[in-house]
Amino acid sequence: MPEPSEQPLATGRRFDTVLIANRGEIAVRIQRTCHELGLKTVAICSEADRQAPYIKSADNFLCIGPSTAGKSYLNQDAILLAARLTGAGAIHPGYGFLSENAAFADAVERAGLIFIGPTALSIATMGDKIAAKRAMMAAGVPCVPGPDTALPDDLVSVELVALDIGYPVIVKAAGGGGGRGMRVVPKADQLHEAIALTREEARKAFGSPSLYMEKFLQHPRHIEIQIICDGHGNAVWLGHRDCSMQRRHQKVVEEAPAPGIAPEIIQPVGMACVEACRQIGYRGVGTFEFLYEDGAFYFIEMNTRLQVEHPVTEMTSGVDIVRAQIKAAEGHVLELTQDGVTCDGHSFECRINAEDPDTFLPSAGVITRLVLPQGSGIRVDTHIHAGYKVSPYYDSLIAKLIVHAPTRAKARARMCEALAGIEIEGIATNIPFLRALFEDHAFARGETDIHYLEQWLKLRRAA
Ligand code: ADP
């Protein structure tokens with residue numbers, strides 16, 4: 001199994017204790033690799049998470065605030081204080097919460113600690129989707145048609161931008177994320193309202209009214225490329241994932257590799273991503289997200305953190321991505337070369353959510369019975385157990401079911417079997433919905449795009 005980053009560097013960035021500034025399945029996932037590396041872990045929690053299993057398995061823990069995330073998992077001062085009190089030398093932010101907050105990454109490093117992620121500057125550049133697009137265009141990465149500048153205030157000029165791109169267009173908040181802060185504009189007469197609504201949403205949700213516009217692609221797939229960089233000019237890409245199965249721009253199922261993409265088509269895109277990382281001096285792991293339509297790739301954004309769907313790449317590449325992230329943060333030189341990256345077989349991930357399978361409304365409560373699938377090629381990343389109380393305060397993701405098999409067809413069959421083997425009682429989950437989706441013929445053939453799932457749900461509701 002290839003493992004990146006073996007050679008220690010005398011950078012003075014060594015640490016022996018990692019504070020994991022997150023919760024749920026990703027806190028468990030990060031803790032596992034830290035312990036494998038011989039690192040001690042500090043768990044932090046809100047009052048709602050005091051009984052979570054990873055609190056007990058951490059070497060140390062601190063409750064840092066009340067259940068509301070704003071007062072706990074997003075409380076930068078409390079997290080920094082927890083690190084100081086527990087002697088942690090590094091902070092792993094996981095995903096969500098503070099993971100893409102440049103000010104937090106900066107505050108961590110200023111406090112003399114190591115942020116397990118890229119530099120604050122990289123996060124800030126890539127967090128502004130307009131700046132990211134500009135940087136990618138400069139590095140020769142293909143982007144969705146549309147200017148790499150913010151929309152002007154004057155609506156007549158905005159109309160000209162839209163006419164130049166050609167309808168339909170999509171208006172997006174420069175600071176947007178999580179599928180929010182974007183609006184499709186099918187025709188010119190809807191432009192003014194779309195601009196006003198998105199600007200207001202952007203101001204409220206992301207603290208900046210800055211918007212940009214690009215072509216709305218009608219039937220693309222979402223394909224992304226995982227990269228690892230050491231910050232010393234060495235970078236590799238670990239193959240690709242398809243995350244086209246989305247509801248409300250949020251991923252539901254992911255797979256690696258993206259089906260039906262010829263190596264000669266994706267190869268130059270992967271190499272352009274690696275080159276872009278070198279040009280911006282990127283350190284750590286990251287993901288370049290693309291839309292893929294009619295044989296062409298268009299960059300949409302870069303995520304400067306570990307992603308929910310990283311396990312499908314771990315299953316196909318054999319690389320522990322969290323380990324690579326920690327080693328890069330320590331200053332190790334990447335040992336893995338592009339020639340050493342091999343991607344074998346096929347992997348699927350299902351996001352198991354505590355939500356009604358028909359209405360998708362969150363379902364909080366106590367899990368009264370839990371049976372998880374086991375067997376060759378099956379991985380479950382989770383923090384739940386029988387008796388666990390699913391809190392209404394956070395994201396509804398309670399587990400990730402990941403399978404791996406030699407071919408896509410075999411991996412799909414394995415996922416169907418694994419989904420049938422899960423029993424969760426006491427709360428509602430989206431498992432019945434996932435089971436139906438994995439039986440769908442178009443999905444089985446890999447013939448879907450980012451709009452497919454919404455259309456499929458509409459047809460199911462109508463039936
Ligand atoms: P976020 O940061 O909120 O995740 P992204 O820019 O990554 O936003 O876009 C999320 C999803 O929105 C994409 O996966 C895709 O489904 C849809 N999307 C974004 N840009 C476009 C576009 N130009 N055309 C069509 N769909 C788009």
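We count ligands from 1, going down the list as the structure has it; atoms in each ligand are counted the same way.
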List, for ligand 1, each N/O atom that has a protein N/O partner under 3.5 Å away, with both atom names and the distance.
{"residue": "ligand 1", "atom": "2 (O)", "partner": "Lys129", "partner atom": "NZ", "Å": "3.0"}
{"residue": "ligand 1", "atom": "2 (O)", "partner": "Glu301", "partner atom": "OE1", "Å": "3.2"}
{"residue": "ligand 1", "atom": "2 (O)", "partner": "Glu301", "partner atom": "OE2", "Å": "2.7"}
{"residue": "ligand 1", "atom": "3 (O)", "partner": "Gly178", "partner atom": "N", "Å": "3.1"}
{"residue": "ligand 1", "atom": "3 (O)", "partner": "Gly179", "partner atom": "N", "Å": "2.5"}
{"residue": "ligand 1", "atom": "4 (O)", "partner": "Glu301", "partner atom": "OE2", "Å": "3.3"}
{"residue": "ligand 1", "atom": "6 (O)", "partner": "Lys129", "partner atom": "NZ", "Å": "3.2"}
{"residue": "ligand 1", "atom": "6 (O)", "partner": "Lys172", "partner atom": "NZ", "Å": "3.2"}
{"residue": "ligand 1", "atom": "7 (O)", "partner": "Glu289", "partner atom": "OE1", "Å": "3.0"}
{"residue": "ligand 1", "atom": "7 (O)", "partner": "Glu301", "partner atom": "OE2", "Å": "2.7"}
{"residue": "ligand 1", "atom": "8 (O)", "partner": "Lys129", "partner atom": "NZ", "Å": "3.1"}
{"residue": "ligand 1", "atom": "12 (O)", "partner": "His249", "partner atom": "ND1", "Å": "3.1"}
{"residue": "ligand 1", "atom": "14 (O)", "partner": "His222", "partner atom": "ND1", "Å": "2.8"}
{"residue": "ligand 1", "atom": "14 (O)", "partner": "Gln246", "partner atom": "OE1", "Å": "3.4"}
{"residue": "ligand 1", "atom": "14 (O)", "partner": "Gln246", "partner atom": "NE2", "Å": "2.8"}
{"residue": "ligand 1", "atom": "16 (O)", "partner": "Gln246", "partner atom": "OE1", "Å": "2.7"}
{"residue": "ligand 1", "atom": "20 (N)", "partner": "Lys172", "partner atom": "NZ", "Å": "2.8"}
{"residue": "ligand 1", "atom": "23 (N)", "partner": "Glu214", "partner atom": "OE2", "Å": "3.1"}
{"residue": "ligand 1", "atom": "23 (N)", "partner": "Lys215", "partner atom": "O", "Å": "2.9"}
{"residue": "ligand 1", "atom": "24 (N)", "partner": "Leu217", "partner atom": "N", "Å": "3.0"}

Subject >> Heavy-atom donor-acceptor pair, Glu454 side chain to Arg248 backbone, under 3.5 Å >> reply: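 Pair found, side chain donor or acceptor close to backbone of Arg248.
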Original post:
Counting N and O atoms only, with roles assigned by atom type, does the side chain of Glu293 sit under 3.5 Å from a partner on the main chain of His219, one being a donor and the other an acceptor?
Top reply: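 Looks like yes, one N/O pair under 3.5 Å.
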Subject >> Verdict with supporting geometry, Tyr73 and Leu98, side-chain contact (heavy atoms from CB on, under 4.5 Å) >> reply: CA-CA 8 Å; Tyr73 298 107; Leu98 296 167; over 6 Å; no
Original post:
Do you know the tightest heavy-atom contact between Pro257 and His346?
Top reply: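 For Pro257 versus His346, the nearest heavy atoms are O-CE1, 3.0 Å.
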Subject >> Worked check of side-chain contact (heavy atoms from CB on, under 4.5 Å) between Ile20 and Ile44 >> reply: CA-CA 7 Å; Ile20 301 165; Ile44 55 159; over 6 Å; no
Original post:
Does a donor on one side chain sit under 3.5 Å from an acceptor on the other, for Gln325 and His92?
Top reply: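 On atom types as modelled, these side chains qualify, holding a pair under 3.5 Å.
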